[in-house]
Amino acid sequence: MKTSDGETRASALERRRKSAVTGLDAKQLAYLRHFDNLSRRQRNDWSFMTGRTPNQMDFGGYRFQLAYAAYALALTHVHRLPAAPGALRPTFQRLVAKILEPEVWMYWRDSSRAGGIWNPHLAGRPEQWDPVAHDNIMYSAYVQSMALMYNVLFDDARYAAPGALTLEYFTPFWGDGGKPGGLDRKFEYDQFSLNENLYWQMVRNGYLGIACEPNCVFQICNQPAIIGFRMHDLLTGGSTADEVSRGFRQAWEQFGGPVASNGHLYLYAASDTRTPVPNAGEMPWGDAWYASLANTWNGEFVEKYYASVIGKHVLEGPEGTRTIRPPKPRTFGARPIENDTCDFGWLTVWASEMGDAVTLEGLQRHAERHMRPTVYEGGRFFPRHDEMSDAEGNYTCVEPLTGNVLFAYASLNVPHGLRQLYEQPWAPGHFAEPNLAIVGDAIEVHRAYYDDARATLHFTAGVREDRPGDSVLRLANIWDRGSWELQRDGQVVATGDGQQVNEGRRVEARRTEHLLDLHLVRNELSTYTLSWPGGGA
């Protein structure tokens, strides 16, 4: 079988195996630390995440940062740490919890009224409070895809429980006409009810897509929903993603396809008039964002489109660097419009997804030189910087989405990594393999994969000096496989049989219910192999 870029499935799996064997380098680990740090911020603490535009109205919004951080975790798990669900699951859960917070979605109360730059004829509509009931696919699709992706990746259906995805805003200081108790808006969903809601909105709009702002169906913002439908299909055995993507393609064919006469993607289409609106000239984020995601289901088109436009967006710089032109200022009437476009960040992600190593490395080299990489609390990111260029003309603008997430995403991704996650993230039997099921808060995992051919679990882990908390590593699917031995840095440190630990040398190991607990030593990074000489059947 071949993927849409002509690569055989076997070679794609071999490439995935090699990335797992390699594990994470120091920068990639530091990017994951930053995601973890952001996820652990207290409620209403959005440090480092605030963009130029108030009220979460543009691409610097919290929702995008949280969602693409979760996608980056998914790519890391599938391609680089396949046997370490416990290292990534807690952060993913915290990101889901944060995207449900009112500060993330309250913009919809105002945006739902319409009457803005794209829908002035709808002015005066009543405000809507439920941010996922209708339209607003630029938020609802991220909640849907994150919850379903989590279930696919970790075999954990916590978001399938009724009300598991509850959105609530309460204040005692103002309310509905003086009713006792103040204002309480509460909307209860789960991954399946939300998925069904989005599906029927797609159907009712003839598969053209679901609107972001009222009446404005953006091609880009419907891609996460299609990814979510695919995750749903992986869980249920359905074919919703095939149906919707086929219908989406046909719906946009009425305009001659997704690309306008200027050679760039249509920005959006109006639901009521079925009128498409092209991008205003070259908008790198518009091309790169859509195509990075649409490579999942529309790879043949994306491959050709990348070849046709990437040279228009990316410029050669000195010493192998790559850069972009600063975007032209935009206005609404006489007023300038501030907008976190994330051009540089999305082009970096697109290059990573397409496997264009020259462009990716050139953009990364420019970022390292001119965009102030920073380490804070052990996490690596690029802080917000609003100035487009420095005195020498080097592009320097960094939006929170770019600096917190997109550069990290591109570093953690592999060629066609999102497409592989979309098509089939795990081989049959994956969840029965030995793995690092629970990772203590103080532990950092550098590498973790299971070699089925050799019946060996490989992992590299250590205890962080700067992180308090548990230093116990709990391994699953260890028992009932016969006798095993655990080596640390090439020395046998524990042995056991199918039911218990027989001996521990220089490591504390014990069976706790169905898990094998290892107590790691602080300030020590070690490489471990847990093997079953008899084959681990």
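Worth knowing before you read on, the calculation uses all heavy atoms, side chains too, and leaves out hydrogens, waters and symmetry mates.
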Open item on the list: Quick one: does any side-chain atom of Trp346 pair with a main-chain N or O of Pro284 as donor and acceptor, under 3.5 Å?
Closed with: no

Task: Exercise: do Asp356 and Tyr306 side chains pair donor with acceptor under 3.5 Å - done: yes

TODO: Without swapping roles, check the side chain of Asn404 against the backbone of Gln65 for a donor-acceptor pair under 3.5 Å.
DONE: no

Open item on the list: I'd like to know if the side chain of Thr396 reaches the main chain of Glu387, judged simply by a donor and an acceptor atom lying under 3.5 Å from each other, with no hydrogens or angles considered.
Closed with: yes

TODO: Look only at the side chain of Tyr305 and the backbone of Leu265, and say whether a donor-acceptor pair between them is shorter than 3.5 Å.
DONE: yes

TODO: Give a yes or no answer on whether the side chain of Arg89 reaches the backbone of Ala437 with a donor-acceptor pair at less than 3.5 Å.
DONE: yes

TODO: Take atom CZ of Arg467 as the centre, draw a 6.0 Å sphere, and report whether it contains more than 12 heavy atoms from other residues, nucleotides or ligands.
DONE: yes

Open item on the list: Which heavy atom of Ala410 sits nearest to which heavy atom of Leu360, and what is that distance?
Closed with: CB-CD1, 4.0 Å

TODO: Please answer whether the main-chain N or O of Asp25 pairs with a side-chain N or O of Gln28 as donor and acceptor at a distance below 3.5 Å.
DONE: yes

Open item on the list: Strictly distance-based, threshold 3.5 Å: is any side-chain N or O of Asn37 a donor or acceptor partner for the main-chain N or O of Glu377?
Closed with: yes

Open item on the list: Given 3.5 Å as the limit, does a donor-acceptor pair link the side chain of Arg380 with the main chain of Pro373, or not?
Closed with: no

Task: Listed partners of Val521 passing side-chain contact (heavy atoms from CB on, under 4.5 Å), at least two apart - done: Glu524

- [ ] Return yes if a side-chain donor-acceptor contact under 3.5 Å exists between Asn339 and Thr341, otherwise no.
- [x] no

TODO: Mark yes or no for whether Asn151, through its side chain, and Asp155, through its backbone, hold a donor-acceptor pair below 3.5 Å.
DONE: no

Open item on the list: Tell me whether the rings of Tyr68 and Tyr142 are parallel (<30°), tilted (30 to 60°) or perpendicular (>60°).
Closed with: perpendicular

TODO: Could you tell me whether Asp36 and Arg94 have a side-chain N and a carboxylate O separated by less than 4.0 Å?
DONE: yes

Open item on the list: Parallel, tilted or perpendicular: which one describes the rings of Tyr395 and Phe344, with boundaries at 30° and 60°?
Closed with: parallel

Task: Glu103, CD: over 12 other non-hydrogen atoms inside 6.0 angstrom - done: yes

Open item on the list: According to salt bridge (charged side-chain N to carboxylate O under 4.0 Å, His left out), who are the partners of Asp441, at least two apart in sequence or on a separate chain?
Closed with: Arg40

- [ ] Consider only side-chain N and O atoms of Ser39 and Thr91, and report whether a donor and an acceptor are under 3.5 Å apart.
- [x] no

- [ ] Report yes or no: is the cationic atom of Arg63 (NZ for Lys, CZ for Arg) closer than 6.0 Å to the six-membered ring centre of Tyr107, at no more than 45° off its axis?
- [x] yes

- [ ] Sequence neighbours left out, what passes salt bridge (charged side-chain N to carboxylate O under 4.0 Å, His left out) with Arg369? Give chain and number order.
- [x] Glu319

Open item on the list: Has Asn136 got a side-chain atom pairing as donor or acceptor with Cys212's backbone, closer than 3.5 angstrom?
Closed with: no

